[in-house]
Amino acid sequence: MPRSAPLGALQRHEGWLVQRREQLDELHVELWLTADTSRKLGTIAAGAGLIPEQVLSQIADRAHMNDDGTVTAEPFTPH
């Protein structure tokens with residue numbers, strides 16, 4: 001007769017499954033920017049007390065595609 005797994009092991013496995021599902025929805029990128037663009041992004045991030053990746057993430061959260069195919073992000077204050 002098989003023994004049941006300890007409760008802790010089941011909880012860890014469930015936690016791993018949740019983390020795995022979340023990772024499938026994530027996007028990890030390596031981005032090469034020009035020096036000017038990189039400095040601009042760094043200045044914006046520093047002014048908001050953030051790192052550049054956080055500012056890019058907030059821009060992406062607000063981006064949308066218009067009917068004519070252009071992509072825009074509404075003005076916002078990074079936080």
Side-chain angles (χ1 to χ4, degrees):
M1 178 186 306
R3 297 171 50 181
S4 61
L7 183 58
L10 291 174
Q11 290 173 331
R12 284 192 303 275
H13 180 69
E14 179 62 28
W16 178 83
L17 289 174
V18 168
Q19 183 181 26
R20 183 71 179 123
R21 283 190 297 269
E22 289 172 354
Q23 288 174 343
L24 292 174
D25 290 337
E26 292 178 355
L27 173 64
H28 299 271
V29 298
E30 185 173 333
L31 182 63
W32 294 82
L33 301 171
T34 65
D36 288 342
T37 302
S38 180
R39 281 191 293 273
K40 186 186 302 184
L41 180 59
T43 299
I44 293 167
L50 302 171
I51 60 173
E53 291 87 344
Q54 291 171 309
V55 174
L56 288 174
S57 178
Q58 291 181 27
I59 292 169
D61 285 343
R62 290 161 175 81
H64 62 275
M65 184 175 288
N66 299 309
D67 293 338
D68 63 359
T70 59
V71 177
T72 58
E74 299 301 321
F76 69 99
T77 302
H79 60 278

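These numbers come from the heavy atoms of this one structure, side chains and all, not from hydrogens, waters or symmetry mates. Bear in mind that the values here come from a model prediction, so they are computed numbers and not experimental data.
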Donor-acceptor under 3.5 Å (S57 side chain, E53 main chain): no
Connected via hydrophobic side-chain network under 4.5 Å: L41 and I51: no
Residue pair I59 / A73: nearest heavy atoms and the distance that separates them: O-CB, 4.1 Å
Where P52 and G42 come nearest, the two heavy atoms and their spacing: CG-CA, 4.3 Å
Non-hydrogen atoms of T77 and Q58 that approach each other most closely: O-OE1, 4.4 Å
N66 (side chain) donor-acceptor with D68 (main chain) under 3.5 angstrom: no
F76-L56 co-clustered via ILVMFWY side chain contacts under 4.5 Å: yes
Flag for T34-D36: side-chain donor and acceptor within less than 3.5 Å: no
